[in-house]
Amino acid sequence: MIHELLLALSGYPGTIFTWNKRTGLQVSQDLPFLHPSETSVLNRLCKLGSDYIRFTEFIEQHTGHVHQQEHHSIQTNQAGLNGVYLRAFCTGLDSMLQPYRQALLDLEQEFLGDPHLSISHVNYMLDQFQLLFPSVMVVVETIKSQKIHGCQILETVYKHSCGGLPPVRMALEKILAVCHGVMYKQLAAWMLHGLLLDQSEEFYVKQGPSAGGAAANQEEDEEDLGIGGLSGKQLKELQDLRLIEEENMLAPSLQQFSLRAEMLPSYVPIRVAEKILFVGESVQMFENHNHSPSRAGSILKHQEDMFATELHRLKQQPLFSLVDFENLIDGIRSTVAEHLWTLMVEESDLLGQLKIIKDFYLLGRGELYQVFIDHAQHMLKTPPTAVTEHDVNVAFQQAAHKVLLDDDNLLPLLHLTIDYQGKESKDATGTREGATPPQESSPREVPPTGWAALGLAYKVQWPLHILFTPAVLEKYNVIFRYLLSVRRVQSELQHCWALQMQRKHLKSNQTDAVKWRLRNHMAFLVDNLQYYLQVDVLESQFSQLLQQINSTRDFESIRLAHDHFLSNLLAQSFILLKPVSLLLRLDYNKYYTQSGGTLGR
């Protein structure tokens with residue numbers, strides 16, 4: 001009977017020890033030679049055999065191999081349970097069962113040498129597994145019932161390994177170390193080569209934009225926070241402009257990636273995950289880029305082998321160390337960030353590009369736009385047509401030549417866009433590279449004037465497109481249209497003053513005096529607003545941005561400084577301050593629709 005017991009505990013039930021799918025392994029009830037106390041001990045041992053059989057079933061279902069023969073039906077792989085992390089878990093689980101198998105072999109050798117050993121001896125030798133197997137079975141059942149997969153398995157095993165039973169903790173830590181091996185392989189492929197090896201969507205980095213959970217927080221986002229009409233949604237956009245990143249039209253080869261938060265284990269902080277995402281995106285951008293390697297060089301400065309060795313060293317550690325892990329991630333991130341800083345600031349002339357952005361999007365070349373307003377006023381005061389975009393670009397080129405702006409390398413990169421009804425079908429087949437159409441107030445609404453549909457597209461060169469994304473350029477376009485409207489109103493008011501000066505010798509009545517006072521009040525407001533925007537906001541913020549760029553050698557610091565620069569422009573220019581923004585826009589529209597130049601008459 002002892003050999004029957006050892007076979008049953010090894011997963012081979014027979015006539016004395018029978019197997020039932022629901023109740024597990026049990027001693028047969030029709031054995032008169034067994035004392036009730038022996039039956040109790042044997043049933044206690046049978047619980048170990050039941051757990052072992054279920055472990056091996058689980059391993060067989062998800063790996064296709066096991067250390068036993070098929071003595072009972074094996075179900076097909078359950079729906080939703082698959083992936084490399086699950087296979088790694090099964091591998092770790094199988095290695096955890098090896099001491100149990102060895103204990104059964106040792107018992108068999110002992111019984112061959114001494115046939116008089118009792119069942120109590122078997123119970124004593126296997127007692128170390130009485131706490132281990134039920135605890136690990138809880139983990140297995142949790143994975144099966146909740147269909148846990150991917151890096152969520154890491155979190156499940158980690159939580160159950162934090163108990164107070166040393167055998168259970170050590171066994172689960174060994175299983176966790178095997179699962180971490182998969183994570184380190186994915187990290188090496190992602191961070192060192194820009195490859196996302198994740199066919200089953202198990203990693204905490206994914207291709208595509210983040211879900212963001214906007215639907216769940218929509219009501220909260222729309223609440224007025226009491227900050228001068230600023231809502232929660234607007235504040236979020238100010239704090240993180242990259243939350244609304246759109247498909248990158250500037251570089252079709254560059255794919256977007258984001259974090260899959262539900263897959264991130266709790267012991268890996270979000271700050272570390274964001275560094276992993278940044279490094280992989282940067283390396284992936286370099287791997288996909290078709291520029292000559294001699295110009296770009298290796299983004300990791302040819303330290304891939306050293307970093308791969310360090311990742312392998314962490315993989316061999318029995319316990320996960322967040323300090324060592326984050327130190328290595330920081331080292332890789334620092335190397336990548338410094339190389340990107342060198343490439344963007346020194347080789348790609350980031351400061352010169354920012355100067356171009358300031359000159360054209362932020363109206364730094366005021367004389368150019370003054371001439372352009374005079375040239376384009378007659379063609380943009382009516383709703384746009386199919387030829388309006390061509391006409392305004394001709395006017396823009398003429399204005400550039402008139403102010404002696406004849407840079408043959410710069411002007412081809414700039415293009416004025418007009419978003420009009422009917423353009424959508426044409427843009428769907430092929431969007432101009434770098435184009436960022438203006439935001440629409442409502443779907444397919446006809447713009448009242450060409451000025452309302454006007455936008456500026458800038459063809460950003462590689463690798464600056466990772467800083468000047470389409471979403472960022474659209475923010476610049478919002479500011480561009482706002483500043484241009486202020487400049488137009490100021491120009492019209494100055495034109496009214498000129499008309500008044502020409503007719504001051506004529507006899508005036510009380511109505512004329514009212515018009516003059518109205519013009520003076522409006523000019524006072526607009527002139528001071530223009531001065532505030534150009535000096536107190538644009539120049540001040542731009543100087544701070546340049547200072548921050550020159551004081552660091554880290555690309556992430558540059559991107560953060562640029563995000564703050566853009567958010568400060570939007571906030572301090574009243575664009576997102578609803579009461580002021582709507583009032584100014586109402587006044588401008590009212591002026592253009594009702595005055596019609598009558599202030600001068």
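Sequence positions, counted from 1, serve as the residue numbers for this chain. Hydrogens, waters and symmetry mates play no part in the numbers below; they use all other heavy atoms, side chains included. Given the structure is predicted, the values throughout are model-derived calculations rather than measurements.
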Sub-4.5 Å side-chain heavy-atom contact between Tyr158 and Pro265
no
What one should report as the nearest heavy-atom pair of Leu259 and Glu274 is CD1-CG, 3.8 Å
With no hydrogens and no angle check, is any side-chain donor or acceptor of Thr342 less than 3.5 Å from a backbone partner on Glu338?
yes
Answer yes or no: are there more than 12 heavy-atom neighbours, outside Tyr184 itself, under 6.0 Å from its atom OH?
yes
Taking every heavy atom of Leu176 against every heavy atom of Leu154, the minimum-distance pair comes out as CD1-O, 3.6 Å
Charged N to carboxylate O below 4.0 Å: is that the case for Lys275 and Asp330?
yes
Do Met263 and Glu202 have side-chain heavy atoms sitting under 4.5 Å apart?
no
Are a donor atom and an acceptor atom from the side chains of Glu173 and Ser161 found within less than 3.5 Å of each other?
no
Whether Arg313 and Glu310 form a salt bridge (side-chain N of Lys/Arg under 4.0 Å from carboxylate O of Asp/Glu) is what I want to check.
yes
Would a 4.5 Å heavy-atom cut-off, applied to side chains only, mark Glu155 and Ile148 as touching?
no
Would Leu467 and Leu350 count as a side chain to side chain contact (heavy atoms under 4.5 Å, CB included) here? Give the steps.
CA-CA 10 Å; Leu467 184 64; Leu350 174 61; 3.7 Å; yes
So, Asp198 side chain and Phe203 main chain: donor-acceptor pair closer than 3.5 Å or not?
yes
Locate the shortest heavy-atom distance separating Ile153 from Cys179; write the atom from each residue and the value.
CG2-SG, 4.4 Å
Heavy-atom side-chain contact between His562 and Val472 under 4.5 Å
yes
Taking the side chain as everything from C-beta on, heavy atoms only, tell me whether Leu264 gets closer than 4.5 Å to Cys151.
no
Identify, with sequence neighbours excluded, every residue that meets side-chain contact (heavy atoms from CB on, under 4.5 Å) alongside Glu110.
Leu107, Leu117, His121, Met125
Please work out whether the ring planes of Phe55 and Phe133 are parallel, tilted or perpendicular, with thresholds of 30° and 60°.
perpendicular
Determine yes or no for a side-chain-to-main-chain donor-acceptor pair under 3.5 angstrom, with Ser258 supplying the side chain and Gly208 the backbone.
yes
Starting from the C-alpha separation in whole Å, work towards a yes-or-no answer on side chain to side chain contact (heavy atoms under 4.5 Å, CB included) for Phe278 and Glu556.
CA-CA 9 Å; Phe278 162 71; Glu556 278 290 90; 3.4 Å; yes
Over all atoms of both residues, closest heavy-atom pair of Leu570 and Lys475
CD1-CD, 3.8 Å
Centres of the His339 and Phe555 rings: under 6.0 Å?
no
Under the 3.5 angstrom rule, does the side chain of Asn327 hit a backbone N or O of Val323 as a donor-acceptor pair?
yes
May I ask you to check whether Tyr204 and Trp190 place their ring centres under 6.0 Å from each other?
no
Under a 4.5 Å cut-off applied to non-hydrogen side-chain atoms, are Leu97 and Ile59 in contact?
yes
Taking Asp94 first and then Arg87, would you say they form a salt bridge - that is, a charged N and a carboxylate O separated by under 4.0 Å?
no
Nearest 0.5 Å, please: how far is OG1 in Thr142 from NZ in Lys147?
13.0 Å
Residues, nucleotides or ligands: over 12 heavy atoms within 6.0 Å of Glu201 CD
no
May I ask you to decide if Gly164's main-chain N or O and Arg169's side chain share a donor-acceptor pair within less than 3.5 Å?
no
Pairwise distance CD(Gln207) to CZ(Phe257) - rounded to 0.5 angstrom:
4.5 Å
Counting distance only, does the side-chain N/O of Tyr100 pair as donor-acceptor with the main-chain N or O of Leu9 below 3.5 Å?
yes
How long is the gap from CD on Glu57 to NE2 on His62, to the nearest 0.5 Å?
10.5 Å
Does Ser551 reach the main-chain N or O of Gln548 with its side chain, forming a donor-acceptor pair under 3.5 Å?
yes
Please walk me through it: do Met191 and Val283 pass side chain to side chain contact (heavy atoms under 4.5 Å, CB included)?
CA-CA 7 Å; Met191 300 183 68; Val283 174; over 6 Å; no
Would you say that Val205 contacts Arg260 through its side chain, given a criterion of any heavy-atom pair below 4.5 Å between the two side chains?
no
Okay, side chain of Ser567, backbone of His564: is any donor-acceptor separation there less than 3.5 Å?
yes
Would you give the length of the straight line joining atom CE of Met183 to atom OH of Tyr85, rounded to the nearest 0.5 angstrom?
6.5 Å
Short side-chain donor-acceptor distance under 3.5 Å, Asp106 and Gln102:
yes
Just wondering, are more than 12 heavy atoms of other shown residues or ligands nearer than 6.0 Å to CG in Asp305?
no
If we ignore hydrogens and angles and just use 3.5 Å, is the side chain of Ser557 paired with the main-chain N or O of Arg553 as donor and acceptor?
no
In Å and rounded to the nearest 0.5 Å, what is the NE2 to CZ distance from His180 to Phe325?
8.5 Å
Full working for side chain to side chain contact (heavy atoms under 4.5 Å, CB included) between Val178 and Leu93
CA-CA 9 Å; Val178 178; Leu93 180 61; over 6 Å; no
Pairwise side-chain contact, Asn123 with Arg44, heavy-atom cut-off 4.5 Å (strictly under):
yes
Return the CD1 to CG distance between Ile270 and Leu277, rounded to the nearest 0.5 Å.
9.0 Å
For the residue pair Pro269 and Leu322, what are the closest heavy atoms and their distance?
CD-CD1, 3.6 Å
Electrostatic pair Arg271-Glu326, nearest N-O below 4.0 angstrom:
yes
Met170 atom CE, over 12 foreign heavy atoms within 6.0 Å:
no
Are more than 12 heavy atoms, taken from residues, nucleotides or ligands other than Gln316, located less than 6.0 Å from that residue's CD atom?
yes
How far apart are the closest heavy atoms of Phe58 and Ile143, and which atoms are they?
CZ-CG2, 4.3 Å
